[in-house]
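Worksheet: one structure, shown below.
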Amino acid sequence: MGLFLNVLIVQNAKEQDVRKSLQTMGERFPKWSLDLSQCSYQECGGGVKVFLNEHCCGYHNVPQAVSEDLSCPALLCYIYDGDFWGYYFYDRGERVDAFDPIPDYFGEVSEKEREELRGQSEVIARYFNVEPSRIERYLVPWDEELLDSGEFPKAYPDDKFGTGEDWQMADFLRTIGYPYGW
């Protein structure tokens, strides 16, 4: 089994409010397998970064619920089974963006679904105060040719990981002001 990693970014919030919101959500939605005793919190970048427990699920439900509860933006970046990374982004409970580099990973998707999961650098840039040009090269689809090549070009010269690698998520987080780790 590969790596399953969930990093929740809650903007314009305090740690105690995020903890309380997650506790409420964990009680209301036990199927998410949210274990607060295994979550790690850090205030940074004008908000709170939370490493959710390993078996937590509900990729779009968690940020949507917290965003709605706290009336603020919430972004969940995830690594799925060590195969790819993506995100779901909500503001006041409404989805404003999503990214999945392999939208048909679980089966064929419609062109509409593919479009909804392409990621919008302008949206992320506006919320996280970065230039769209600093993140647009992260938000590209991964095709079979790229994945089979074994060569993963870096989106930007200062990146540690390349396009096609699940850990590219760490470069994305650093760029939007919420670096991976402590």
Side-chain angles (χ1 to χ4, degrees), residues 1-11 32 45 47 49-67 73-91 94-181:
M1 183 155 100
L3 174 66
F4 291 88
L5 180 67
N6 298 291
V7 180
L8 178 67
I9 305 296
V10 185
Q11 289 186 302
W32 293 356
K49 176 174 56 178
V50 184
F51 288 89
L52 300 176
N53 60 287
E54 184 177 349
H55 299 290
C56 181
C57 56
Y59 291 107
H60 63 88
N61 297 8
V62 172
Q64 180 181 24
V66 171
S67 172
L75 171 76
L76 181 87
C77 288
Y78 62 88
I79 292 177
Y80 184 85
D81 202 17
D83 290 340
F84 65 94
W85 75 279
Y87 66 74
Y88 287 97
F89 187 37
Y90 290 83
D91 189 0
E94 297 294 321
R95 188 159 96 177
V96 292
D97 197 21
F99 172 67
D100 183 334
I102 312 173
D104 54 358
Y105 181 87
F106 295 105
E108 199 170 319
V109 298
S110 70
E111 197 54 44
K112 181 182 181 212
E113 290 172 293
R114 189 177 302 283
E115 184 64 24
E116 290 173 354
L117 295 171
R118 72 174 174 82
Q120 300 176 67
S121 59
E122 304 81 20
V123 171
I124 298 298
R126 184 173 62 246
Y127 277 90
F128 290 92
N129 224 10
V130 296
E131 289 296 318
S133 62
R134 275 297 292 137
I135 52 178
E136 65 190 4
R137 287 188 263 165
Y138 294 126
L139 309 181
V140 298
W142 299 357
D143 58 22
E144 288 299 319
E145 184 179 332
L146 170 72
L147 297 173
D148 289 344
S149 75
E151 295 182 24
F152 306 112
K154 293 181 180 178
Y156 300 93
D158 60 337
D159 285 347
K160 191 171 180 180
F161 303 97
T163 301
E165 294 181 287
D166 56 351
W167 278 103
Q168 185 183 44
M169 179 184 84
D171 292 323
F172 174 79
L173 287 169
R174 175 186 44 80
T175 302
I176 65 170
Y178 289 86
Y180 181 82

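These values consider heavy atoms only, across backbone and side chains, with no hydrogens, waters or symmetry-generated copies.
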### Message
Applying side-chain contact (heavy atoms from CB on, under 4.5 Å) to W85 and F172, what does each step give before you reach the verdict?
### Response
CA-CA 10 Å; W85 75 279; F172 174 79; 3.6 Å; yes
### Test log, rule side-chain contact (heavy atoms from CB on, under 4.5 Å), inputs D91 and Q11
CA-CA 10 Å; D91 189 0; Q11 289 186 302; over 6 Å; no
#### Entry: Residue pair L5, W167: steps toward the side-chain contact (heavy atoms from CB on, under 4.5 Å) verdict
CA-CA 10 Å; L5 180 67; W167 278 103; 3.7 Å; yes
### Query
For R114 and D104, what are the C-alpha separation, side-chain angles and deciding distance, and is it a salt bridge (charged side-chain N to carboxylate O under 4.0 Å, His left out)?
CA-CA 8 Å; R114 189 177 302 283; D104 54 358; 3.8 Å; yes
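L76 CG to N61 CG: the interatomic distance, rounded to the nearest 0.5 Å, is 10.0 Å. To the nearest 0.5 Å, atoms CD1 (I9) and CD1 (I176) are separated by 6.0 Å. With rounding to the nearest 0.5 angstrom, the CZ atom of F4 is 12.5 Å from the SG atom of C56. Here D83 contributes atom CG and L3 contributes atom CG; the two are 10.0 Å apart, rounded to the nearest 0.5 Å. Considering CG of L8 and CG of L52, their distance stands at 5.5 Å, rounded to 0.5 Å.
Within the 3.5 Å criterion, the main-chain N or O of E145 finds no donor-acceptor partner in the side chain of D148. Checking side-chain atoms of D97 against main-chain N and O of Q120 turns up a donor-acceptor pair under 3.5 Å. A distance-only check finds no donor-acceptor pair linking the side chain of K154 to the backbone of G162 [under 3.5 Å]. Between the side chain of K49 and the backbone N or O of P179 there is at least one donor-acceptor pair closer than 3.5 Å. A distance-only check finds a donor-acceptor pair linking the side chain of D143 to the backbone of L146 [under 3.5 Å]. Here the side chain of Q168 pairs no donor or acceptor atom with the backbone of E165 at under 3.5 angstrom. Side-chain atoms of D81 come within 3.5 Å of backbone N or O of G2 as a donor-acceptor pair.
Closest approach of G47 and Y178 over heavy atoms only: N-OH, 3.4 Å. Shown here for V130 and T175, the closest heavy-atom pair between the two residues is CG1-O, 3.3 Å. Closest non-hydrogen pair, L117 versus P103, comes out as CD1-CB, 4.0 Å.
Looking at V50 and V66, their side chains never come closer than 4.5 Å, going by heavy atoms from C-beta outward. The closest side-chain heavy-atom distance from L173 to C77 is below 4.5 Å.
With hydrogens and angles left out, the side-chain atoms of Q64 and S67 include no donor and acceptor closer than 3.5 Å. Using a 3.5 Å distance cut-off with no hydrogens or angles, the side chains of Y138 and T163 do not pair a donor with an acceptor.
Salt bridge annotation for R118-D100: absent, with no cationic side-chain nitrogen under 4.0 angstrom from a carboxylate oxygen. With respect to K112 and E115, no salt bridge is recorded, no charged nitrogen being found less than 4.0 Å from a carboxylate O. A salt bridge between E122 and R126 is absent, with no side-chain N of the basic residue lying under 4.0 Å from a carboxylate O of the acidic one.
A distance below 6.0 Å separates the ring centres of Y80 and F106. Ring to ring, Y87 and Y78 are not that close: their centroids are 6.0 angstrom or more apart. Here Y180 and F161 keep their ring centres 6.0 angstrom or further from each other.
F89 is linked by a ring-ring contact (aromatic ring centres under 6.0 Å, His included) to Y127, F128, counting only residues two or more places apart in sequence or in another chain.
For the salt bridge (charged side-chain N to carboxylate O under 4.0 Å, His left out) condition, the pairs that include at least one residue of residues 127-140, sequence neighbours left out, are R134-D158.
For the ring-ring contact (aromatic ring centres under 6.0 Å, His included) criterion with F84, the lone passing option out of Y105, F152, W142 is Y105.
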